[in-house]
Amino acid sequence: MSDIFENRGDNVSAPATRAVAVTPHDSNALADIPKALFVGTGGNITMRGAGGSTDQLWKNVASGSLLPFRASHVRATGTTAADLLALY
């Protein structure tokens, strides 16, 4: 299959090319900083941004939401949303 964009540089605003399931954890950071997060099943999400030093609670995130947020951590405590994907 041809990809007319294969020779273009990747950057944070470019569309994601892969998705990885996120398992919330209270101490482990994500393996890599994603471009965004996809929320399959809505709820609350406790996250820390890539440049932040404190966690923030995102309340009532709807199912199917695409969050353009570069999270370093997705915490288990406070997170009720499920089926999360990190987009790279």
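All residue numbers in this chain count up from 1 along the given sequence. Because the structure is a prediction, the values reported are computed rather than measured.
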For a quick test of reading the model, state the closest non-hydrogen atom pair linking [X] to [Y] and the distance between them.
{"X": "Ser72", "Y": "Gly49", "value": "OG-O, 3.4 Å"}
{"X": "Ala16", "Y": "Leu87", "value": "CB-CB, 3.6 Å"}
{"X": "Arg70", "Y": "Ile33", "value": "NH2-CG2, 3.4 Å"}
{"X": "Thr79", "Y": "Pro24", "value": "CG2-CG, 4.1 Å"}
{"X": "Pro34", "Y": "Ala86", "value": "CB-CB, 3.8 Å"}

Handout entry: Main-chain N/O of Ala76 paired to Asp26 side chain as donor or acceptor, under 3.5 Å
Key = yes

Exercise for the section: Test Arg18 against Val20 for side chain to side chain contact (heavy atoms under 4.5 Å, CB included), laying out the working first. Expected result: CA-CA 7 Å; Arg18 64 186 176 101; Val20 176; 3.7 Å; yes

Problem - Under 4.5 Å side-chain linkage, directly or through intermediates, the cluster mates of Val12 - result: none

Problem - Whichever hydrophobic residues join Leu67 through chains of side-chain contacts under 4.5 Å - result: Val22, Leu30, Leu37, Val39, Ile45, Met47, Trp58, Val61, Phe69, Val74, Leu84

Practice task
Ignoring hydrogens and angles, state whether a donor on the side chain of Thr46 or Asp55 is under 3.5 Å from an acceptor on the partner side chain.
Solution key: no

Exercise for the section: With rounding to the nearest 0.5 Å, note down the distance linking OG1 in Thr80 to CG in Asn60. Expected result: 8.0 Å

